[in-house]
Amino acid sequence: MGASERVAALRRARERQARIEAATTRTIKAQASLDRAVEAKALAIERYDERVADAEAMCAAEIAELARVCRSAEAAAEILGWPVRELRRVVKSERERSSQPPAGGSDVDS
């Protein structure tokens with residue numbers, strides 16, 4: 001192997017090393033981006049679940065209020081087009097939920 005062949009082989013090795021380093025950098029950035037995206041998705045799902053739970057609670061409270069105003073679960077169920085059994089289940093669960101202390105505790109240390 002002549003001197004020019006060694007120089008050419010060394011140049012190819014350096015070019016290959018540079019390509020490996022560039023690919024490694026891109027891969028690490030892609031992994032970090034994926035990690036951030038997965039975390040953002042988890043947070044978005046959590047916020048969405050909270051919004052759905054809040055909407056469900058508000059709807060149940062309004063259904064219970066409708067039944068109270070109508071003074072009849074049957075009348076409220078007819079208005080909503082629901083089975084009476086389902087409406088009563090929602091009203092009962094709302095009554096139980098509203099009678100529980102708020103999450104996070106209500107103790108305040110001053």
Side-chain angles (χ1 to χ4, degrees):
M1 182 185 266
S4 63
E5 292 174 349
R6 284 191 299 256
V7 170
L10 183 57
R11 182 181 43 77
R12 286 190 303 273
R14 286 182 182 150
E15 289 171 354
R16 182 172 181 266
Q17 183 63 33
R19 288 192 309 273
I20 289 171
E21 289 172 3
T24 301
T25 299
R26 289 191 309 271
T27 302
I28 290 169
K29 286 181 180 180
Q31 287 176 326
S33 178
L34 175 61
D35 290 344
R36 287 189 304 272
V38 167
E39 186 176 330
K41 178 184 177 184
L43 291 173
I45 289 171
E46 185 178 321
R47 286 192 303 268
Y48 177 79
D49 289 347
E50 289 171 0
R51 287 179 54 202
V52 168
D54 290 346
E56 287 173 341
M58 180 178 286
C59 184
E62 293 300 333
I63 290 169
E65 177 65 9
L66 176 63
R68 188 189 67 74
V69 169
C70 290
R71 295 184 183 169
S72 165
E74 292 80 7
E78 186 175 335
I79 290 168
L80 296 174
W82 283 24
V84 175
R85 171 179 269 171
E86 178 66 12
L87 187 124
R88 285 188 174 138
R89 184 193 64 74
V90 170
V91 170
K92 180 181 177 186
S93 67
E94 170 58 19
R95 193 176 307 132
E96 290 170 354
R97 187 193 66 78
S98 65
S99 68
Q100 295 176 351
S106 59
D107 296 339
V108 178
D109 295 325
S110 299

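As the structure is a prediction and not an experimental result, all values here were calculated from the model. Count residues from 1 along the sequence. Computed over heavy atoms, backbone and side chain alike; hydrogens, waters and symmetry mates excluded.
Val84 and Val90 sit in two unconnected hydrophobic clusters of ILVMFWY residues. Membership requires side-chain heavy atoms under 4.5 Å apart, directly or through other members.
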Original post:
Would Lys29 and Thr25 satisfy side-chain contact (heavy atoms from CB on, under 4.5 Å), going step by step from the backbone distance to the final call?
Top reply: CA-CA 6 Å; Lys29 286 181 180 180; Thr25 299; 3.9 Å; yes
**OP:** Would you check, one step at a time, whether the test salt bridge (Lys or Arg N to Asp or Glu O under 4.0 Å) holds for Glu50 with Arg47?
**Re:** CA-CA 5 Å; Glu50 289 171 0; Arg47 286 192 303 268; over 6 Å; no
Original post:
Is there a side-chain contact (heavy atoms from CB on, under 4.5 Å) between Gln17 and Arg14 once you walk through the steps?
Top reply: CA-CA 5 Å; Gln17 183 63 33; Arg14 286 182 182 150; 5.6 Å; no
**OP:** Step by step, work out the side-chain contact (heavy atoms from CB on, under 4.5 Å) result for Glu94 and Glu56.
**Re:** CA-CA 10 Å; Glu94 170 58 19; Glu56 287 173 341; over 6 Å; no
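Taking 4.0 Å as the cut-off between side-chain N and carboxylate O, Glu65 and Arg68 count as a salt-bridged pair. A salt bridge is defined here as a Lys NZ or Arg NE, NH1 or NH2 lying under 4.0 Å from an Asp or Glu carboxylate O, and Arg12 with Glu15 fails to meet this definition.
With hydrogens and angles left out, the side-chain atoms of Glu96 and Gln100 include no donor and acceptor closer than 3.5 Å.
Between Cys70 and Ile79, the closest heavy-atom pair is SG-CD1, 3.7 Å. For the pair Ala76 and Ala67, the tightest heavy-atom approach, listed with the atom from each and the gap, is CB-CA, 3.8 Å.
Lys41 pairs in a side-chain contact (heavy atoms from CB on, under 4.5 Å) with only one of the listed residues (Leu43, Val38, Ile45), which is Ile45. For the pairing with Leu66, the side-chain contact (heavy atoms from CB on, under 4.5 Å) check across Leu87, Leu80, Val91 returns one residue only, Leu80.
Crowding of Glu74 atom CD: a count of heavy atoms from other residues, nucleotides or ligands under 6.0 Å exceeding 12.
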